[in-house]
Amino acid sequence: MNEFLNSYNVLKGTLLRTLIYTMGHFIIAAGCVVYFTGASFVDGIADAIVEPILNGVWYFILDRLWVTSKG
């Protein structure tokens, strides 16, 4: 349990930034798909769920690489 808390304390800034980025991307992606393609709301939401999750994972990896390279 102590190891988990230590890991959380090290990663909490990255996790928070990743969550905020992913939520914003979700909203933007759904709106763009619906607006620009005329797709249904359901199709826009489906795209907005899958694509930002993948982008969020990529951002987390990129942020960890950035932080560790500075350190």
Side-chain angles (χ1 to χ4, degrees):
M1 184 64 163
N2 194 25
E3 186 175 323
F4 174 78
L5 291 175
N6 289 339
S7 295
Y8 171 75
N9 286 329
V10 169
L11 297 175
K12 67 183 171 183
T14 298
L15 291 170
L16 180 60
R17 288 188 297 275
T18 301
L19 179 63
I20 291 168
Y21 170 84
T22 303
M23 289 170 45
H25 195 98
F26 176 84
I27 293 165
I28 292 166
C32 286
V33 168
V34 171
Y35 181 78
F36 289 113
T37 69
S40 72
F41 183 72
V42 172
D43 291 338
I45 292 298
D47 178 68
I49 290 170
V50 173
E51 194 245 343
I53 288 171
L54 295 174
N55 277 320
V57 170
W58 164 241
Y59 178 81
F60 179 82
I61 293 167
L62 182 63
D63 191 66
R64 292 311 306 154
L65 291 171
W66 182 276
V67 169
T68 56
S69 72
K70 299 282 183 182

>> Just verifying a value: how many Å separate Ile20 CD1 and Tyr59 OH, rounded to the nearest 0.5 Å?
In response: 9.5 Å
> Which pairs count as side chain to side chain donor-acceptor pair (under 3.5 Å) when at least one residue sits in residues 26-44, sequence neighbours excluded?
Replying inline: Ser40-Asp43
>> According to salt bridge (charged side-chain N to carboxylate O under 4.0 Å, His left out), does anything in residues 52-64 pair up with another residue at least two apart or in another chain? List the pairs.
In response: Arg17-Asp63
>> Is there a path of hydrophobic side-chain contacts, each under 4.5 Å between heavy atoms, that joins Phe41 and Phe26?
In response: yes
>> Minimum heavy-atom separation for Ile45 and Ala30, please, with both atom names.
In response: CD1-CB, 4.1 Å
> Out of curiosity, Ile27 CD1 to Met23 CE, how far, rounded to the nearest 0.5 Å?
Replying inline: 6.5 Å
> Going by the angle between their ring planes, with limits at 30° and 60°, are Phe4 and Tyr8 parallel, tilted or perpendicular?
Replying inline: parallel
> Any chain of hydrophobic side-chain contacts (each under 4.5 Å) joining Ile53 to Ile28?
Replying inline: no
>> Grouping I, L, V, M, F, W and Y whenever their side-chain heavy atoms are under 4.5 Å apart, do Leu54 and Leu62 come out in a common cluster?
In response: no
>> Quick check: closest heavy atoms across Phe60 and Leu15, and the distance to 0.1 Å?
In response: CE1-CD2, 3.8 Å
> Going through the distances and angles, do Tyr21 and Asn55 end up as a side-chain contact (heavy atoms from CB on, under 4.5 Å)?
Replying inline: CA-CA 9 Å; Tyr21 170 84; Asn55 277 320; 4.3 Å; yes
> Measuring from Asn6:CG to Leu11:CG, what's the distance to the nearest 0.5 Å?
Replying inline: 11.0 Å
